[in-house]
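Please read these numbers as outputs of a predicted model, since none were measured by experiment. Along the sequence shown, residues are numbered consecutively beginning with 1.
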Amino acid sequence: MLRLFLLILLFQVNTVSKAQDSSHMRISLLTCAPGAELYSIFGHSALRVVDSSSVTDIIYNYGTFNFDDEGFYIKFIRGQLLYSLSIDNFEDFKFEYQISNRGITEQVLELSGDEKMNLYHALLENLKEQNRYYKYDFFLDNCTTRLRDLIIKHKNPPPVLPAVMPATYTFRNAIYQYLDAGKQYWSKLGIDILLGARTDRIMTASQQEFLPDNLMIAFDSAQNVSMVKTSTQLFVTQKHQPNSWFTPLLFFSIILTFYILCSLPPSDFFKNAMIFLDVFLFFITGLLGIVLIFMWAGTDHSMTKDNYNLIWALPTHFIMAFFIRNKKIFAKKYFTASAVIAILLLICWRLLPQQFNNGLIPFVILLAFRSIAIAKNKAI
C-alpha cells in the first residue's frame, strides 16, 4: 500500500513539474573567450534558445553592427554608432568562434516555463526593426549588459548578483586585466590616452558586469536564487602566449635618447635637424591635444571626457610648433611654461584623479627637455 502511494505521489510530482514547464525550451547564456585582436580581447556574450518543439537552435546577439551603414566611421568616432540585436544559427556561431580559437562556455539558465516564454517573447519583440537598435556604450550599455538586464527583468525574484572583482577596482583596472594578459601594450597606451578620468571611477557590482566573464561568474554566484542549472564548456581555447617586447616605454625611451644625442653636437647640421625635430614633436603633440578636446566635447563617448592627458598634450602646441625659431618674449614664456607644466605633471604623476600610462613618462620628459632648450634658445 505504501509503495503504491509513493508511486502515485511521484507521478503527480512529475506531472506538475511538466505542467509548470511546457515551453519546450532551453535558454542559455553563452560566454565567449577573449580573442587575440583588440576588438575581441574582452570576450563576448550571447543568448542561446533551443526549442525542441520547432527543432530550432538560435543565437540572439546584441553585438551586431553594419559596416555599410552610411557615415559608419564618423558615427563610430563620435560614439553614435547603432548596434543591434541579430539572430544566427548556433552551429554557424560556434564554428566562427572555433576557427578564431575562442572558447565558449554555456550556462543553462534556471528558469520556469513562464519565465522562458516571457524572455523568449521579449527577444522576439526586441528583434523587430523598430526595437532592435541601440546606441552602444562599451562600459555602460553593451552586448553583455543588454542580455543581463533582459534576463533579470524576466526572472522572479530578480537575482542579486555579487561583485566579482575587488571593491577598489575601477573600469580601467578591469580592462587592464585583459590588455595585459593579451600583451596589448600599444592598445593599452591608446586607450589610456583617449579615456579620461571617468574610467578611473570605482565600479559598482552591476557595473562590473559589462565584461562577459564577470557576468558569467556573477550568475554562478547569485545570492538569493539559483540562476544556472548546468555549466558546460562547448569549446576550449587553445592557449598560446603572445610575444610582445617592443613596448611604448621602450619606444619612447629610444626617442628620448635620440633627441638627447641629436642635441649634443654643436654643428649647424644638427642644429637645423633639431629645429625640424622640435617642430614635429610639438606639432604632433598639439594635434593629439586637439583630438582629445574633440573626443571630450564633440562625441557621445561617456569615458573620453575629463581627460587629464591634456595637461601634457596641450592643443596650443599645434600652433606654437611654428614659433620654435621665434626669439620674441612670448615664445620664450610659452615654452618655459610648457616645461614647468611637464615637470609638475611628472612630480604629480600618481596624485591626479586619472591613471596615466607609464610608457608616456619618457615622452613627457622629452617635452620638458625640449621646452627648456627652446626657451633658452638652444634649439637655434
Whether the Y62 and N142 side chains hold a donor-acceptor pair (N or O, under 3.5 Å, no angle test) is what I'd like checked. no
S371 side chain to S338 main-chain N or O, any donor-acceptor pair under 3.5 Å? no
With heavy-atom distances below 4.5 Å as the criterion, would you say the side chains of L310 and I293 are in contact? yes
Report yes if some heavy atom in the side chain of I59 is under 4.5 Å from a heavy atom in the side chain of L47; otherwise report no. no
Is any side-chain heavy atom of N358 less than 4.5 Å from a side-chain heavy atom of W349? yes
Atom of A321, atom of V279 and distance for their closest heavy-atom approach: O-CG2, 3.4 Å
Would you call the rings of W186 and F251 parallel, tilted or perpendicular, where under 30° means parallel and over 60° means perpendicular? perpendicular
With side chains defined as the heavy atoms from C-beta onward, is the minimum distance between V228 and V108 less than 4.5 Å? no
D306 and W296 have their tightest heavy-atom pair at N-CE2, 3.3 Å
Please answer whether the main-chain N or O of E96 pairs with a side-chain N or O of S100 as donor and acceptor at a distance below 3.5 Å. yes
Given 3.5 Å as the limit, does a donor-acceptor pair link the side chain of T237 with the main chain of G103, or not? yes
Any side-chain donor-acceptor pair under 3.5 Å between Y334 and N326? no
Are H301 and F139, when compared by the centres of their aromatic rings, separated by less than 6.0 Å? no
Could you point out which residue of Y83, F210, F65 forms a ring pair (Phe, Tyr, Trp, His ring centres under 6.0 Å) with Y136? Y83
Between E209 and L161, does the side chain to side chain contact (heavy atoms under 4.5 Å, CB included) criterion hold? Intermediate values first, please. CA-CA 9 Å; E209 293 151 13; L161 303 179; 3.4 Å; yes
Minimum heavy-atom distance between H44 and C143, given as atom pair plus value: ND1-SG, 3.3 Å
With side chain to side chain contact (heavy atoms under 4.5 Å, CB included) as the criterion, how do I27 and E115 come out once you've worked through the C-alpha distance, each side chain's angles and the decisive distance to 0.1 Å? CA-CA 10 Å; I27 300 182; E115 288 169 345; over 6 Å; no
Compare every heavy atom of S231 with every heavy atom of T105, then report the nearest pair and how far apart it is. CG2-OG, 3.8 Å
Is there a donor-acceptor contact under 3.5 Å from the side chain of Q184 to the main chain of A36? yes
Distance-only side-chain donor-acceptor flag, D51 / S53, under 3.5 Å: yes
Determine whether more than 12 heavy atoms belonging to other residues, nucleotides or ligands lie under 6.0 Å from atom CZ of F246. yes
Among the clusters formed by ILVMFWY side chains lying less than 4.5 Å apart, do I374 and L366 turn up in the same one? yes
I74, CD1: over 12 other non-hydrogen atoms inside 6.0 angstrom: no
Can a donor-acceptor pair be found, under 3.5 Å and without considering hydrogens, that links the side chain of Q80 to the backbone of D300? no
Looking at R48 and V50, what are the two nearest heavy atoms and their distance? NE-CG2, 3.5 Å
F138 and F42: aromatic ring centres closer than 6.0 Å? yes
Between the side chain of R172 and the main-chain N/O of R201, is any donor-acceptor distance below 3.5 Å? no
Audit row: L346, I361, side chain to side chain contact (heavy atoms under 4.5 Å, CB included) steps and yes/no: CA-CA 7 Å; L346 290 167; I361 291 177; 4.2 Å; yes
Could you walk me through whether D141 and K135 satisfy the salt bridge (charged side-chain N to carboxylate O under 4.0 Å, His left out) test, starting with their C-alpha distance in whole Å, then the side-chain angles of each, then the deciding distance to 0.1 Å, before giving a yes or no? CA-CA 8 Å; D141 192 359; K135 192 162 71 171; over 6 Å; no
Just how far is it from atom CG of L367 to atom CG of D278, taken to the nearest 0.5 Å? 10.0 Å
For the residue pair Y178 and D213, confirm or rule out a side-chain donor-acceptor distance under 3.5 Å. yes
Are F363 and W312 close enough that their ring centers fall under 6.0 Å? yes
Correct closest heavy-atom pair for R370 and S263 would be NH1-CB, 3.7 Å
For the atom pair CD1 (I99) and CZ (R102), what is the distance rounded to the nearest 0.5 Å? 11.5 Å
So L140 and T145, side chain to side chain contact (heavy atoms under 4.5 Å, CB included) or not? Walk me through it. CA-CA 7 Å; L140 304 176; T145 61; over 6 Å; no
Pair Y176-D192, side chain to side chain donor-acceptor pair (under 3.5 Å): steps then yes or no: CA-CA 10 Å; Y176 271 5; D192 280 341; 2.7 Å; yes
Let me know which of Q107, K229, E106 forms a side chain to side chain donor-acceptor pair (under 3.5 Å) with S28. E106
From L123 atom CG to N131 atom CG, the distance as rounded to the nearest 0.5 Å: 12.0 Å
Identify which one of N126, L124, L119, L30 satisfies the side-chain contact (heavy atoms from CB on, under 4.5 Å) criterion when paired with Y60. L124
Test ring-ring contact (aromatic ring centres under 6.0 Å, His included) on F323 and F335; report intermediate values, then the result. CA-CA 10 Å; F323 289 85; F335 286 105; 8.9 Å; no
For the backbone of T299 and the side chain of K305, can you confirm whether one donor and one acceptor N or O come within less than 3.5 Å of each other? yes
CA sep, side-chain torsions, deciding dist, call: K188, D180, salt bridge (charged side-chain N to carboxylate O under 4.0 Å, His left out): CA-CA 8 Å; K188 182 177 177 180; D180 290 340; 2.9 Å; yes
With distance as the sole criterion, is a donor-acceptor pair present between the side chains of Q354 and N307 under 3.5 Å? yes
Please find out if less than 6.0 Å separates the ring center of Y97 from that of F235. no
Under 3.5 Å, is there a donor on one side chain and an acceptor on the other for Q177 and Y169? yes
Counting C-beta onward and ignoring hydrogens, is there a side-chain heavy-atom pair between T31 and T144 closer than 4.5 Å? no
Are more than 12 heavy atoms, taken from residues, nucleotides or ligands other than F95, located less than 6.0 Å from that residue's CZ atom? no
Centroid-to-centroid, F322 to F282, below 6.0 Å? no
Assess whether atom CZ of F276 is packed by more than 12 heavy atoms of other residues, nucleotides or ligands within 6.0 Å. no
Give a yes or no on whether the backbone of L195 and the side-chain of T199 come within a donor-acceptor separation of less than 3.5 Å. no
Given 3.5 Å as the limit, does a donor-acceptor pair link the side chain of S52 with the main chain of H24, or not? yes
L150 backbone acceptor or donor facing H154 side chain under 3.5 Å: yes
Evaluate the criterion ring-ring contact (aromatic ring centres under 6.0 Å, His included) for residue pair F318 and F283; output intermediate values, then yes/no. CA-CA 4 Å; F318 179 81; F283 179 83; 4.8 Å; yes
Would you tell me whether S84 and S86 have side-chain atoms, one donor and one acceptor, within less than 3.5 Å of each other? no
Between F90 and the options V49, I58, D57, the side-chain contact (heavy atoms from CB on, under 4.5 Å) test singles out D57
